[in-house]
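Encoded as structure tokens, the structure appears first; notes follow it.
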Protein chains: 2
Amino acid sequence: MTRTPLADVACSIARATDLFGDAWTALIMRDVLTGVTRFDDLAHDLGISRKVLAARLSRLVEEGVLVRERYQERPPREHYRATPKGEELYPVLLALMEWGDRWYAGPAGPPARIRHLGCGRDTTPVSACAHCGEPLTVGNTTQLPGPGGRTGPGTRVLGPLLTAREDAPGAERPAEV
Amino acid sequence: MTRTPLADVACSIARATDLFGDAWTALIMRDVLTGVTRFDDLAHDLGISRKVLAARLSRLVEEGVLVRERYQERPPREHYRATPKGEELYPVLLALMEWGDRWYAGPAGPPARIRHLGCGRDTTPVSACAHCGEPLTVGNTTQLPGPGGRTGPGTRVLGPLLTAREDAPGAERPAEV
DNA sequence: ACCCATAAGTTCCCTCAGGGAACTCGGGTA
DNA sequence: TACCCGAGTTCCCTGAGGGAACTTATGGGT
């Protein structure tokens, strides 16, 4: 499943993509979180090969993202539900959906809306600063080494944070926001 | 590159994962957005096969997520930079990183920090409601059919919307927010 | 002039993960 | 008894990915 030992890398994005960086996994989580929890339903809905679906589900269960639960005794039937760890992938799905809506929605508009029950309005998800609530963008953030990062030679952080090479690019990022 | 014609499905998550639902693509975007923009640097940094890197980069350029730019004439040298469409993938990366931090950071803490230049503090990204600023969770949201989706029997929403596709090849520009 | 280095790919071979479809297994239901 | 159902598992086959060598254009060192 793992192309490279990404899971061992000191980068949380790499750790996350090791599990989640697969189109099927994202779509499985989307389905499970929206109520499609049974094997056959998932297989039909996604058009995924049953073999791969079984592999993905057991990986997700191993990782503690889903649990396999019996929802009926006679005959015995199992389905899959999200754990808290799985539910917390929701922001990733929202971010993907928002991006897809912005760049691929047809003239009619996006295929789905998200209603926020808290304020009762249809909304769009924004990646906000936990402290001040302002949107976080490439332009208004920097990545710094964290406590859990091995800070040896060759260590990278969010990204490179690199030993980098500001020598290369002539024009740096246009810093629009 | 596409396992199934996910890109044609009327679900923005499916559309997004068709491009982004690949561990390498996510990591490439992480690198490019943090300053690793040259082919060899990316190849080294990611440990990706050069063949696959070339394929991913040209796909990302095709999709308008990256641009290939000449940063030096003699000898001719090219590198890759994010377009606005590419920069808008940042929230997805932040969401992945946040999840990875929460569930995989060692006792020492996360490997990287995000400093929000707006308020000057190290922060964590929160998926917030664009209207009221409250965090969006599985529990406090519902998914409803959107204007660009089909509302027939069997239609799902956050999900496939799967009979789908009448509006598939849609416009490229997102509505300005 | 000659040799080596660098950046950015391309090409080749080989393995293994994914698609597709059939098969299994436990347990109903008519 | 015969026939469904849900939930997987097994089989074969193709093609995407890993790894390493090769290419092209240019510059530097001696």
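So that the names make sense, note that chain A is the first sequence line, chain B the second, and so on, each numbered from 1.
Separating the CE atom in A:M97 from the CZ atom in B:R15 is a distance of 14.0 Å, to the nearest 0.5 Å. Rounding to the nearest 0.5 angstrom, the gap separating the CG atom in A:L117 from the OG1 atom in B:T141 is 6.5 Å.
Close to D:dG8, at under 4.0 Å from its OP1 or OP2, lies a side-chain N or O of A:R68. Between D:dG18 and B:W24, a contact under 4.0 Å exists linking OP1 or OP2 to a side-chain N or O. For C:dA8, the OP1/OP2 oxygens have a side-chain nitrogen or oxygen of B:Y71 closer than 4.0 Å.
Ion pairing between B:R59 and B:D18 holds under the 4.0 Å rule for side-chain N and carboxylate O. Using a 4.0 Å cut-off between charged side-chain N and carboxylate O, B:D40 and B:R50 make a salt bridge.
When each of B:Y80 and A:I48 is assigned the nucleotide of DNA chain C bearing its nearest heavy atom, the one mapping closer to the 5' terminus is B:Y80. Comparing B:V52 and A:K51 against DNA chain D, the residue whose closest nucleotide sits nearer the 5' end is A:K51.
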>> Within the 4.0 Å limit for protein heavy atoms, which parts of nucleotides 22-30 of chain C are touched? Write it as a string from 5' to 3', B for base, S for sugar-phosphate only, - for none.
In response: B---BSS--
Every protein N/O lying under 3.5 Å from an N/O of nucleotides 1-4 of chain D:
none

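One side chain, A:H79 or A:T37, offers a donor N or O that lies under 3.5 Å from an acceptor on the other.
For A:A54, the listed nucleotide lying nearest its side chain is D:dT9; candidates were C:dG20, C:dA7, D:dT9.
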